[in-house]
*Asks:* 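Structure in structure tokens, see below.
One is the number of the first residue; the rest follow in order along the sequence.
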Amino acid sequence: MSTPPSYYERHIFFCLNERTNGEDCCAHHGAKEAFDRCKAQVKAAGLAGPGKVRVNKAGCLDRCAAGPVAVVYPEAVWYSFVDQDDIDEIVESHLKNGQVVERLLTPPHLGR
């Protein structure tokens, strides 16, 4: 049995988890602003919608030490980002053109 095509070509999830116990978390490093920026950039570029790109919020992705983080599927590419320029580069390079942004890859050993 063959797998039907994905509803979206790419799906990016942003960790927006917020810890209230004093532990570090993505929410304390501008994750919501990055999510909002990505969503706006994807929409402005005409990339949003079925067969294209979906931008989603996520709870803890358990990569806190690398935060803030986002992951793009189906490629399962993890990104750590610091500012709007990073988000713009992810949108333009990866979400639009399918080219991984090597400089923003989350180091594989960084977990929680």
*Asks:* For K57 and C15, what are the C-alpha separation, side-chain angles and deciding distance, and is it a side chain to side chain contact (heavy atoms under 4.5 Å, CB included)?
*Replies:* CA-CA 6 Å; K57 299 174 185 176; C15 176; over 6 Å; no
*Asks:* Quick check for you: to the nearest 0.5 Å, what is the distance between C38 atom SG and K43 atom NZ?
*Replies:* 13.5 Å
*Asks:* For residues V100 and L104: do they belong to one hydrophobic cluster (side chain heavy atoms under 4.5 Å, members Ile, Leu, Val, Met, Phe, Trp, Tyr)?
*Replies:* yes
*Asks:* Are L61 and I12 connected in a single hydrophobic cluster, I mean Ile/Leu/Val/Met/Phe/Trp/Tyr linked by side-chain heavy atoms less than 4.5 Å apart?
*Replies:*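 Result: no, two separate clusters.
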*Asks:* With hydrophobic residues grouped by side-chain heavy-atom distances under 4.5 Å, do V55 and V101 end up in a single group?
*Replies:*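 As far as the 4.5 Å side-chain criterion goes, V101 and V55 are connected within one cluster.
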*Asks:* Find the distance between CD1 (I90) and NZ (K96) and round it off to the nearest 0.5 Å.
*Replies:* 15.5 Å
*Asks:* Transitively linked via ILVMFWY side-chain contacts under 4.5 Å: F13 with L47?
*Replies:* no
*Asks:* With heavy-atom distances below 4.5 Å as the criterion, would you say the side chains of H94 and V77 are in contact?
*Replies:*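 SC-SC contact between H94 and V77 confirmed.
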*Asks:* How long is the straight-line distance from CZ of R63 back to CG of L110, given to the nearest 0.5 Å?
*Replies:* 6.5 Å
*Asks:* Would you check if the side chain of T106 reaches a backbone N or O of A66 as a donor-acceptor pair within less than 3.5 Å?
*Replies:*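 Not a single qualifying donor-acceptor pair exists.
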*Asks:* Please confirm whether the ring centroid of Y79 lies under 6.0 Å from the ring centroid of F14.
*Replies:*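 Centroid distance Y79-F14: not below 6.0 Å, so no.
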*Asks:* Give a yes or no on whether Y73 and V69 share a hydrophobic cluster (residues Ile, Leu, Val, Met, Phe, Trp, Tyr; joining criterion: side-chain heavy atoms under 4.5 Å apart).
*Replies:* yes
*Asks:* Quick check: do Y8 and K52 have side-chain heavy atoms less than 4.5 Å from each other?
*Replies:*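 Y8 does not reach K52 side chain to side chain.
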*Asks:* How far apart are the closest heavy atoms of H11 and R54, and which atoms are they?
*Replies:* NE2-CG, 3.3 Å
*Asks:* Would you sort out whether C26 and N17 count as a side chain to side chain contact (heavy atoms under 4.5 Å, CB included), showing the intermediate values?
*Replies:* CA-CA 6 Å; C26 292; N17 191 54; 5.7 Å; no
*Asks:* Do N97 and Q99 pass the side chain to side chain donor-acceptor pair (under 3.5 Å) test, and can you show the C-alpha distance, the side-chain angles, and the key distance before you say yes or no?
*Replies:* CA-CA 6 Å; N97 297 312; Q99 299 296 312; over 6 Å; no
